[in-house]
Protein chains: 2
Amino acid sequence: MGVRISELSRRSGVPTATIKYYLREGLLPPGRAVAATQADYDESHLRRLRLVRALIGVRGLSVSATREVLGAVAAHAGERHQVLGLVLGARPVDEGGGRQGGDRQGGSGQAGGEGQAGGEGPGGGEGPGGGEEQAPAPGAAEVAALIGELGWAVSEHAPARAVLGETLETLRSLGAELSHDVLRQYAELAERTAVLDLDELDPRADPLEQAERALLRTVLMEPALLALRRLAQENESARRNA
Amino acid sequence: MGVRISELSRRSGVPTATIKYYLREGLLPPGRAVAATQADYDESHLRRLRLVRALIGVRGLSVSATREVLGAVAAHAGERHQVLGLVLGARPVDEGGGRQGGDRQGGSGQAGGEGQAGGEGPGGGEGPGGGEEQAPAPGAAEVAALIGELGWAVSEHAPARAVLGETLETLRSLGAELSHDVLRQYAELAERTAVLDLDELDPRADPLEQAERALLRTVLMEPALLALRRLAQENESARRNA
DNA sequence: CCACATTGGGTAGTGGCACTATCTATGTTA
DNA sequence: TAACATAGATAGTGCCACTACCCAATGTGG
């Protein structure tokens, strides 16, 4: 019924040392300890291992982000409400500067307290005087407005809100601000994409397995969507300058 | 006319040591050397510096990926054909395994030669015959078919092709294969997104500046698009289980 | 029953990366 | 001229994803 770690390694292509590392990091549940130096791993471990590899290698998540995502999925696996988008911060939620990319990075905090430049740019106009230190959230208001306008029901503290707000804010500070109207159009396209995403989630047997599938379709799909967009951009660009 | 490095640092919020590092790495063009220990930096340097910070900090690109993207933009800045999507691999194009995420990562290549597990999965049925050791590209055929079907005009060796193919292949190997039809629907949404992207590119004065703006709108926009999708997913999920 | 490769578990080491600190020989400026 | 800032070069830091080693306990074959 169970295989040993070396078999798991051979079947997945992942070195045993790395598997042990993932075990230690909690990305993989421990095998059934049949003895002090023997543990059994089953198909679910293999599946999980491949999933982990894909999240880390293909999507580029960090080990800690992967652990969080996996944990969140497990926690919500049983719920009728498959709020996957909610948990998939896919980005270390570190309060404060909100640094780093969806994958990893690291870097010790920003520079000083000033955080990411951003404001103070050309137009300026940002906090006139009291920047204070309690900056609530960059661009949060605009995001909230958008969500309200579209009538979306999303958690007040969904990480994606912050990511979106921060990005819009940065775009603005660099003089490439998006008009509210254009932003809404992007949001509508995102809405259609989400519909597609969820259509593909057929109710399967095992809830955990289904949750993992959903994870695949959402997180792992991200590089593919970005790639599609780049291809589409190239095509559109060619069309316009035909 | 020019400011010194400390001024650049103060205006951007980036420590001088880091600016020097970027200079060394070629992310920032050197200032006009007015003396052995004095160089002048102008507005373009400040703009570039902020752009770099955004690409690295918000989008999460690695320094080397940033350098490549910037270089590609500069190279194509003058061309009538703003093929930005083409150059924006946003992913180290390392032939072979195609590892790592859009940002960084690193990791020494995969494990052994076996590469990323992948095949051998459940269904299997991949390559009709050959396979051999000269694997041309995973999922390349499917991607080519899609592109042909949509009538897109994209370069034969656009990095995005490989990224897409690899992701689809991984999805397949994990048992979450996308039907060709669904994939096409995603592609159509990507097409609309691309139209929006390009609509926003107004012809500005300086070609380099315009190229940088385009970069902002394409690369920097990525986290925002993914965030929008996650929010939309949450909303859609809530709607369905209302 | 026993040599012996394998395992689980733990600890230390490696290489890459994005910075960051220091140092020196200038240069500027009060 | 003295205090102070630079450019440029080199070394160091902290984090991360692994990877190598070590050890005692096993299971396995002969």
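Set against dT11(C), dA18(C), dT26(D), the side chain of Arg24(A) has dT11(C) as its closest nucleotide. Of the listed nucleotides (dC19(C), dG8(C), dT19(D)), dT19(D) has the atom at the smallest distance from the side chain of Pro15(A).
Look at OH on Tyr41(A): it is 10 Å from P on dT7(C), rounded to the nearest Å. For the pair Arg4(A) CZ and dT7(C) P, the computed distance is 7 Å after rounding to whole Å. Going from atom CG of Leu27(B) over to atom P of dC19(C) covers 9 Å, rounded to whole Å. Distance CZ (Arg53(B)) to P (dA18(C)): 11 Å, rounded to an integer number of Å. Atoms CG (Leu23(A)) and C1' (dT7(C)) sit 12 Å apart, rounded to a whole Å. In this structure, Glu25(A) places its CD atom 14 Å from P of dC15(D), rounding to the nearest Å. Distance NZ (Lys20(A)) to C1' (dC23(D)): 11 Å, rounded to an integer number of Å. Between the C1' atom of dA17(D) and the CG atom of Leu49(A) lies a distance of 15 Å, rounded to the nearest Å.
Val14(A) is not listed as a side-chain neighbour of Tyr21(A), based on a closest heavy-atom distance of 4.5 Å or more. Here the side chains of Leu178(B) and Met221(A) are in contact, with some heavy-atom distance below 4.5 Å. Put simply, the side chain of Glu166(A) does not reach to within 4.5 Å of the side chain of Glu169(A), judged on heavy atoms.
As judged by a 4.0 angstrom heavy-atom cut-off over every strand, Ala17(B) is placed among the base-contacting residues. Residue Ser6(A) is classed as a sugar-phosphate contact, given heavy-atom separations below 4.0 Å to backbone atoms only.
For the residue pair Arg53(A) and Tyr22(A), a side-chain donor N or O sits within less than 3.5 Å of a side-chain acceptor on the partner.
Residue-to-nucleotide proximity on DNA chain C shows that, of Thr37(B) and Pro30(A), the 5′-proximal contact is made by Pro30(A). Checking Ala35(B) against Thr16(A), the closest nucleotide of DNA chain C that is more toward the 5' end is the one next to Thr16(A).
The side chain of Tyr22(A) places no N or O atom within less than 4.0 Å of a non-bridging phosphate oxygen (OP1 or OP2) of dT19(D). Residue Thr18(A) places at least one side-chain N or O under 4.0 Å from the OP1 or OP2 atom of dT19(D).
At most 12 heavy atoms of other shown residues, nucleotides or ligands fall within 6.0 angstrom of atom CZ in Arg4(B).
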